[in-house]
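For reference, the structure discussed in these notes is given below.
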Number of protein chains: 2
Amino acid sequence: MRPDPNLVIDPASPVPVYRQVVDNLRSLLVEGVLQEGDTLPTVRELGMELGVHFNTIAEAYRQLATEGWLELKRRRGAVVMARTTPVEQSEVVEQFHRNLRQLVAQGRADGVSIRTITQHLKEMMEEFSA
Amino acid sequence: MRPDPNLVIDPASPVPVYRQVVDNLRSLLVEGVLQEGDTLPTVRELGMELGVHFNTIAEAYRQLATEGWLELKRRRGAVVMARTTPVEQSEVVEQFHRNLRQLVAQGRADGVSIRTITQHLKEMMEEFSA
DNA sequence: TTAATTGTATATGTACAATATACAAATTAA
DNA sequence: TTAATTTGTATATTGTACATATACAATTAA
């Protein structure tokens, strides 16, 4: 079975397409929407659907394979693997903190109200307890 | 006076340097660390400090000027302007939501624990009520 | 008026993103 | 077993964007 991840990519974004694909899929993997043993669409299928060349998708899959999320076999497509989460490192935490700050700042600058931001942060936290 | 923003840039990051500078400064602007009337370092000063070419800094300043944060005058340097926050738009909010999701996913994939993430999200919220 | 300081404009080298195309492996069907 | 098809891979090419070098223009100060 090939669950359609229903990705949102923005061709106008400064972030390269292959990385948008990586980021989208990583979210689904972390959240468990895509689980061990699931098979992703073929590079050609997903490329067609997103309107980009299949090599761009292949690059994204390779990146996720490097991160330990996927196993790529010829003809069998990309299969989601079991993956052990790395140990928490302070440097990574600091990077996370900086990125979060900048994301919130970007949102506020773009007009997202403090109320809305708070709401989304809260939602995000509640997903964990659930 | 020229407050030193004390920016953190990572030459190894895939995010281009000029955008790292933009993101860092935008945080300081949104948070009010840099306020109306403040003057930023000259492009050559900041470039020297960060070890990049001054044109790279100029590009960042121009970006922030486009966003309405800075006014650039020859010889007078970059001056922080009063800026009216745009009205909240649903599309922007959705983008913010996607970015937040991806940031958290990235963090979890890199080993940041749910506990740590929750802690940072909470901190961020508390900054608003303060 | 002259000199120094600063942002701007243009050109260039380099790296990376995205594609085109040919190839190799694995499955399926005859 | 063999041939055809489906897939990911490898390599080359093209275009775009990042970063720099360098010359220029404007403004301030001496």
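The chains referred to below are lettered A, B, ... by the order of the sequence lines, with proteins before strands, and numbering in each begins at 1.
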For residues 118-130 of chain A, run the donor-acceptor check on the side chains, cut-off 3.5 Å, and write out each pair with its distance to 0.1 Å, sequence neighbours left out.
{"unit_1": "A:Thr118", "atom_1": "OG1", "unit_2": "A:Ile114", "atom_2": "O", "d": "2.7"}
{"unit_1": "A:Ser129", "atom_1": "OG", "unit_2": "A:Glu126", "atom_2": "O", "d": "3.0"}

When the side chains of residues 19-26 of chain A are checked against the rest of the protein, which donor-acceptor pairs come out under 3.5 Å, sequence neighbours left out?
{"unit_1": "A:Gln20", "atom_1": "OE1", "unit_2": "A:Asp10", "atom_2": "N", "d": "2.8"}
{"unit_1": "A:Gln20", "atom_1": "NE2", "unit_2": "A:Asp10", "atom_2": "O", "d": "3.0"}
{"unit_1": "A:Gln20", "atom_1": "NE2", "unit_2": "A:Val15", "atom_2": "O", "d": "2.8"}
{"unit_1": "A:Asp23", "atom_1": "OD1", "unit_2": "A:Arg26", "atom_2": "NH1", "d": "3.1"}
{"unit_1": "A:Asn24", "atom_1": "ND2", "unit_2": "A:Val8", "atom_2": "O", "d": "3.2"}
{"unit_1": "A:Asn24", "atom_1": "ND2", "unit_2": "A:Gln20", "atom_2": "O", "d": "2.9"}
{"unit_1": "A:Arg26", "atom_1": "NE", "unit_2": "A:Glu67", "atom_2": "OE1", "d": "3.0"}
{"unit_1": "A:Arg26", "atom_1": "NH2", "unit_2": "A:Glu67", "atom_2": "OE2", "d": "2.9"}

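Atoms CG (B:Leu72) and P (C:dA9) sit 11 Å apart, rounded to a whole Å. The distance between atom CD1 of A:Ile9 and atom C1' of C:dA18, rounded to the nearest whole Å, is 12 Å. We find that CD of A:Glu59 is positioned 12 Å from C1' of D:dA10, with the value rounded to whole Å. Separating the CZ atom of B:Arg62 from the P atom of C:dT6 is a distance of 17 Å, rounded to the nearest angstrom. Distance B:Ile57 CD1 to C:dT6 P: 15 Å, rounded to the nearest Å. With rounding to whole Å, B:Glu71 atom CD is found 15 Å from C:dT6 atom C1'. Counting to the nearest Å, the P atom of C:dT5 and the CE atom of B:Met48 are 12 Å from each other.
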**OP:** At under 4.0 Å between heavy atoms, which parts of nucleotides 18-30 of chain D does protein reach? Answer with one letter per nucleotide, 5' to 3': B base, S sugar-phosphate only, - none.
**Re:** SSBBB--BSBS--
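In plain terms, the two heavy atoms of B:Trp69 and A:Ala109 that are nearest each other are CZ2-CB, 3.8 Å.
Rounded to the nearest 0.5 Å, atoms CD (B:Gln63) and CG (B:Leu70) are 10.5 Å apart.
Between the axis at the start and the axis at the end of the helix from C:dT1-D:dA30 to C:dA30-D:dT1 there is an angle of 10°, using five pairs per end and rounding to 10 degrees.
Screening residues 51-62 of chain B for side-chain hydrogen bond (donor to acceptor under 3.5 Å, both in side chains) gives B:Glu59-B:Arg62 as the qualifying pairs, with residues at least two apart or on separate chains. Applying the side-chain hydrogen bond (donor to acceptor under 3.5 Å, both in side chains) test to pairs two or more places apart or on separate chains, those with a residue in residues 77-88 of chain B are A:Ser113-B:Glu88, A:Thr116-B:Glu88.
Linking ILVMFWY side-chain heavy atoms closer than 4.5 Å, directly or via other members, places B:Val30 and B:Leu103 in two distinct hydrophobic clusters.
Here the side chains of A:Ile117 and B:Leu100 are not in contact, with every heavy-atom distance at 4.5 Å or above.
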